[in-house]
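Below: the structure, in structure tokens.
Just so it is clear, the model here is predicted, and its values are computed rather than measured. When reading the values below, keep in mind they use all heavy atoms of this one structure, side chains included, and skip hydrogens, waters and symmetry mates. In what follows, residues are counted from 1 in the order of the sequence shown.
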Amino acid sequence: MKKSQKTTKANLEERFDAGKSVIDYFDLDTGIVRVNVDFPKWMVNALDKESKILGIARQSLVKMWIADKIDSLHSHEFPKRSKHRNVQSGK
């Protein structure tokens, strides 16, 4: 939340219920961009199988593999990611 740490969930709910804007109380700059990608069924099945083996979500697996590929292709252009980086949250 941006505005004040004193703003509680109850205060936000009251503002929302009264029809007032609450958008100013949230930081919307998450650095995340949503992308839609269509995969063939065989690829989704393969992703699901691999994600089950690794015990991670399909989305996390895709992010991890893409990040690894980008790292290998452009390792001289981007700073190294931490090996302990959480792919799901981007940290």
Side-chain angles (χ1 to χ4, degrees):
M1 285 196 293
K2 281 200 255 182
K3 283 255 179 175
S4 166
Q5 294 296 358
K6 293 182 182 182
T7 302
T8 65
K9 182 178 176 182
N11 295 130
L12 289 174
E13 289 175 352
E14 288 174 15
R15 287 184 59 79
F16 182 81
D17 291 343
K20 297 179 181 176
S21 175
V22 295
I23 198 74
D24 291 338
Y25 291 87
F26 297 94
D27 183 4
L28 300 178
D29 185 21
T30 61
I32 302 284
V33 177
R34 188 166 303 274
V35 190
N36 293 322
V37 180
D38 296 324
F39 293 108
K41 187 171 178 107
W42 68 265
M43 195 179 291
V44 172
N45 291 338
L47 286 167
D48 288 344
K49 182 178 178 182
E50 189 67 23
S51 66
K52 186 175 182 178
I53 290 168
L54 295 173
I56 61 176
R58 180 195 309 149
Q59 182 179 19
S60 297
L61 178 64
V62 171
K63 288 179 187 180
M64 184 175 67
W65 282 355
I66 291 173
D68 286 345
K69 185 63 174 183
I70 291 169
D71 283 351
S72 70
L73 292 174
H74 303 284
S75 60
H76 64 283
E77 296 176 24
F78 300 109
K80 281 290 185 195
R81 293 180 301 123
S82 166
K83 293 295 180 188
H84 302 288
R85 178 179 172 194
N86 182 335
V87 175
Q88 186 69 16
S89 67
K91 295 181 180 177

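- Scanning for side-chain contact (heavy atoms from CB on, under 4.5 Å) contacts around Glu13 gives Lys9, with sequence neighbours left out.
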Tabulate below the donor-acceptor pairs under 3.5 Å that side-chain atoms of residues 39-49 make, not counting sequence neighbours, or state none.
unit_1: Asn45; atom_1: ND2; unit_2: Lys41; atom_2: O; d: 3.4
unit_1: Asp48; atom_1: OD1; unit_2: Arg58; atom_2: NE; d: 2.6
unit_1: Asp48; atom_1: OD1; unit_2: Arg58; atom_2: NH2; d: 3.0
unit_1: Asp48; atom_1: OD2; unit_2: Arg58; atom_2: NH2; d: 3.2

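- Applying the side-chain contact (heavy atoms from CB on, under 4.5 Å) criterion to Ile66, with sequence neighbours excluded, gives Val62, Ile70.
- The CG atom of Leu54 lies 5.5 Å from the CE atom of Met64; values are rounded to the nearest 0.5 Å.
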